[in-house]
Structure formats: C-alpha cells, structure tokens
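The basis for the numbers below is simple: all heavy atoms, side chains too, and nothing from hydrogens, waters or symmetry mates.
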Amino acid sequence: MTHVAIIGGGIAGPVTALALRKAGIDATVYEAYPAAADGIGGTLALAPNGVAALEIVGAAEAVKAVAQPSSRMAMTFASRKRIELPGLSDVGPLFVVHRADLYRVLHDEAVKQGIKIEYGRRLIDVDHTTAVFDDGSQTEFDVLVGADGIHSTVRRLIDPKAPGPTWTGMLSLEGASRHDVPEHLESMIFAFGKRGYYLYWPAAGGGTTWGVNLPYHRPLSLTQAREVPIEEWMRLLRDTYGDDMPGGDLIRRTPVESLQVAGSLYIMPSIPHWHRDRMVLVGDAAHAPSNSSGQGASLSIESAIQLARCLRDIEDVPQAFATYERLRRTRVEKVAARASKINHSKTAGPITQTLMPLLMPLLMRTVMNPEKTTGPEQRYRIQWDAPVTRDHSLV
C-alpha cells in the first residue's frame with residue numbers, strides 16, 4: 001500500500017491520517033473547502049474515551065490546551081426542579097472545545113507530522129482507483145477513506161441507495177452571554193425549558209456559554225440558516241426561552257455578534273454498507289449519533305484509529321474493511337440508540353415535560369444509571385499495540 005486518499009479535513013480525516021502515519025502508511029487529506037476552518041461551527045464535547053484515543057496519535061495534550069474541562073453535570077426542568085447527575089469518578093472529565101479550535105489543532109498536528117493536506121479539492125467521482133475532483137484534477141489511490149461528514153459523497157459512491165441523514169426537528173444555535181450563572185466553572189447544565197431544550201456552562205473568562213436545540217418547522221442548511229437576519233434569530237430565541245430561568249437572562253444578555261447559527265441537527269440511520277472495493281467510510285459519514293450522545297466526535301476519532309489498525313495488520317484490503325466494520329458497528333449503533341431516546345425528550349409536549357421531573361429519580365437509578373450507560377462508553381480504550389486478526393479478535 002503506497003497511498004491512502006482521505007476525503008475530508010474535519011475531525012476524522014486528520015486523525016485517520018495521523019493513525020495511518022503511526023502505522024507506517026502514507027496518506028494525503030483532500031478537503032473541499034479552500035482553507036482551514038476559522039470560526040466555523042459551535043462547541044462540542046470530547047468524552048474521556050475520545051481524549052484517550054487522541055493520545056494514541058499524539059494530539060491529546062494540544063486539544064486539552066484549547067478546551068475547558070467539565071466534570072459536573074446537572075439537569076433542570078422548566079426552571080423548577082434540579083437534579084445533580086451522577087458521574088464516573090475513574091474516567092476523567094469531558095473536554096468542551098470549539099469545533100474550529102479542534103480542527104486547527106488536528107490540522108497543525110498533521111502538518112507537524114509531515115502529512116499533506118490539500119484544500120479546494122472536492123471529490124465528485126471515483127473511477128476504479130482514481131479519485132476525480134471538481135476542478136478536473138485526479139489522484140490515484142490504494143485506499144480511499146470517506147471522512148467527508150454526514151452529507152458524504154463517498155457514502156453515495158459506495159452505495160447509491162444508502163439512506164441519508166435524518167433531521168431531528170431541531171436547529172443548533174450558540175452564544176456567549178454576559179450573564180453570570182452561580183455554577184462551578186467545570187459545571188454543565190442541561191435545561192428542559194417550557195418550550196425548548198438548552199444547555200449552558202460558565203465561560204473561563206467570565207459570562208456563560210449557552211447552546212440550544214431549537215424546535216423549528218423545517219430543516220435549514222448552514223447557508224440558509226445564516227441568510228436569516230441575526231435579529232430574527234434573537235427574537236425567536238427570546239420567544240422560546242425568555243420565560244425560563246436562567247435561559248431568558250442568558251439570551252437577553254447575549255451580544256448579537258456572538259451568536260453562532262450552525263443549522264439543522266441531523267443523525268445518521270444505520271447504513272447497510274460501510275465499504276466497497278477500495279473505498280471505506282469513517283466518522284460521521286458512517287455513523288453520526290445525535291449530539292445528545294456526547295460521543296459524536298469521540299466515536300469518529302475511535303473509528304479513524306481502528307481503521308488504521310486494521311489496514312496495518314490485515315494485508316487483504318476488503319478483509320481489513322470488514323474487520324474494521326465488525327469492530328465498530330455494534331458500539332456506535334448502541335450509542336446512537338441511547339441518544340435517540342434522549343432526543344424525544346428534547347421535543348416533549350407539556351404533559352411529558354410535567355412528568356419528567358417526577359420520573360427522573362427512578363430513571364437515574366435504572367436506565368440512566370451511568371454505570372450501565374455512559375460507563376461502558378467512556379471506559380472504552382483502543383489497544384493500539386495489540387494486533388488485529390481477521391475475526392477481529394485481539395491477540
């Protein structure tokens with residue numbers, strides 16, 4: 001294997017390249033946009049398993065340097081009832097990071113390790129082992145990795161009948177408020193307001209960062225969402241969250257210039273084919289759970305590293321792909337199923353909103369017990385040095 005072409009320079013793409021480099025395999029990242037992301041996207045959380053996976057490729061410390069740890073969590077309902085969420089004492093905190101900062105750190109680490117990243121290269125087709133880009137250029141590959149996100153072109157090339165992403169019924173917006181909340185700096189609060197779900201956490205430099213999953217009547221692309229005047233979004237946010245505490249104060253004290261509109265929130269249904277011939281999917285192109293999971297970015301990072309392990313240890317490429325899928329599919333689909341249940345509560349009606357605070361203590365002891373749910377997810381660790389065999393057992 002002399003060359004792996006990786007389509008997509010977001011999260012999974014650079015991590016795949018870094019893991020392949022560690023495995024002794026050369027790779028080039030091809031990014032459709034003309035330059036690295038700058039100020040694009042909102043905030044995400046990296047779970048302990050995602051941070052541990054980044055340690056394998058040497059990027060964890062640089063990411064933690066631009067992130068904020070979050071070790072305490074609580075849930076509130078209609079500003080009346082608050083429940084402190086139990087955590088896992090043995091896995092470490094989440095790390096909250098701006099998506100653009102994560103992109104930059106991964107890009108810089110890839111470049112530092114000698115990985116080539118080419119911008120303005122939008123894939124439109126594949127002819128056997130030749131990738132064709134929209135500028136007329138082409139490149140030969142031994143393996144082509146689709147790390148091109150939830151609206152993946154590579155997924156369509158692998159299987160034209162593959163299902164596409166499903167809209168959750170919500171839009172994502174985020175802002176930085178001047179309002180200070182009386183919370184510990186490492187706290188994150190998940191709030192079910194009277195008309196919509198939001199979350200917030202104290203900002204390291206003062207004030208409060210917030211994000212909303214805003215119920216909306218139709219999906220909007222990022223371009224469409226940003227064509228709506230900011231003042232209109234602020235009006236809608238005040239109408240939806242203005243009666244909540246502290247949601248109303250957070251929105252009213254948010255400067256319009258800090259508002260970030262990220263467009264529609266999607267999830268990926270289970271897709272039948274992760275690979276075909278010499279093409280394979282990784283990250284959100286293959287599996288994108290709802291942001292309710294808290295695992296989207298971390299699962300993408302894990303899959304990137306597991307793919308590199310399989311290509312390192314199994315010479316037969318189709319067998320390597322099949323082994324990679326067996327290693328990953330059950331895990332990522334289990335996380336997606338858990339997150340899907342949480343999504344239903346984000347758009348709950350008034351009756352459900354009333355019942356949730358009453359049911360939550362019971363749920364916390366049973367189906368939401370972290371030892372049964374997030375524990376297995378966050379304690380997961382990739383054994384990089386262990387060889388992978390075709391039946392995906394580790395020896």
Side-chain angles (χ1 to χ4, degrees), residues 7-11 13 31-44 97-104 107 119-124 133-135 147-153 155-156 163-178 193 195-200 207-242 244 247-248 250-268 283-285 288 290-292 296-297 343 346-347:
I7 308 301
I11 297 173
E31 168 57 48
Y33 289 101
D38 184 13
I40 299 298
T43 302
L44 57 84
V97 60
H98 288 290
R99 186 177 292 271
D101 290 337
L102 180 59
Y103 287 172
R104 174 177 51 80
H107 168 276
Y119 291 97
R121 305 290 298 277
R122 184 178 296 276
L123 182 78
I124 59 172
F133 299 94
D134 65 352
D135 60 0
D148 48 345
I150 199 164
H151 300 289
S152 171
T153 296
R155 183 175 63 237
R156 174 179 55 79
T166 300
W167 182 45
T168 62
M170 294 176 285
L171 306 180
S172 175
L173 297 94
E174 184 178 304
S177 176
R178 295 191 179 103
R195 300 182 184 89
Y197 167 85
Y198 64 102
L199 71 163
Y200 59 92
T208 306
T209 305
W210 56 264
V212 303
N213 291 171
L214 179 70
Y216 204 66
H217 62 278
R218 66 185 180 95
L220 296 176
S221 68
L222 179 59
T223 299
Q224 291 171 328
R226 291 184 174 179
E227 288 174 348
V228 177
I230 291 294
E231 292 75 16
E232 175 62 19
W233 286 124
M234 293 301 294
R235 183 196 64 77
L236 185 56
L237 289 168
R238 288 191 295 269
D239 289 347
T240 306
Y241 302 99
D244 294 322
L250 292 175
I251 299 299
R252 286 186 287 270
R253 297 198 61 191
T254 296
V256 294
E257 61 270 16
S258 81
L259 184 67
Q260 290 200 45
V261 183
S264 298
L265 290 169
Y266 291 95
I267 58 175
M268 273 301 302
D284 284 355
S290 160
N291 64 331
S292 305
N343 272 356
K346 287 183 175 180
T347 55

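R226 places a side-chain N or O within donor-acceptor distance of the main-chain N or O of V261, the cut-off being under 3.5 Å. For S152 (side chain) and D148 (main-chain N/O), no donor-acceptor pair under 3.5 Å exists by modelled atom type. In this structure, Q224 contributes its side chain and S221 its backbone to a donor-acceptor pair below 3.5 Å. Distance alone, capped at 3.5 Å, places no donor-acceptor pair between the R121 side chain and the I7 backbone. In this structure, the side chain of S177 engages the main chain of L250 through a donor-acceptor pair within 3.5 Å.
Between the CG atom in L44 and the CG atom in L102 there is a gap of 6.0 Å [rounded to 0.5 Å]. Taken to the nearest 0.5 Å, the CZ atom of R235 stands 8.5 Å off from the OG1 atom of T240. We find the CG-OG1 distance between L173 and T254 to be 11.0 Å, quoted to the nearest 0.5 Å. Distance check: L237 CG to R252 CZ gives 12.0 Å after rounding to the nearest 0.5 Å. Here OH of Y103 is found 5.0 Å from CD1 of I11. Values are rounded to the nearest 0.5 Å. Annotation: the span from T168 atom OG1 to I267 atom CD1 amounts to 7.5 Å, rounded to 0.5 Å.
Annotation: cation-pi pair R122/Y33 present, NZ/CZ under 6.0 Å from the ring centroid and within 45° of its normal.
Taking all atoms of both residues into account, the shortest heavy-atom contact from G263 to A225 is CA-CB, 4.0 Å. When all heavy atoms of V256 and M234 are compared, the closest pair comes out as CG1-CG, 3.9 Å. Among all heavy-atom pairs drawn from W167 and H217, the shortest one is CH2-C, 4.0 Å. Across all non-hydrogen atoms, the minimal contact from P255 to A176 is CD-O, 3.3 Å. Contact detail for S172 and L265: the closest heavy-atom pair is CB-CD2, 3.7 Å.
Ring-plane geometry between Y241 and Y198 is classed as perpendicular, the angle between the planes exceeding 60 degrees on a 0 to 90 degree scale with a lower cut at 30. Taking the six-membered ring where tryptophan is involved, the planes of Y216 and W233 are tilted, since the angle between them lies from 30° to 60°.
Looking at heavy atoms from C-beta onward, H98 lies in side-chain contact with E174 at the 4.5 angstrom threshold. A heavy-atom distance below 4.5 Å is found between the side chains of I150 and M268.
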ask   = Hey, mind stepping through D244 and R195 against side-chain contact (heavy atoms from CB on, under 4.5 Å) and telling me if it holds?
value = CA-CA 9 Å; D244 294 322; R195 300 182 184 89; 6.0 Å; no

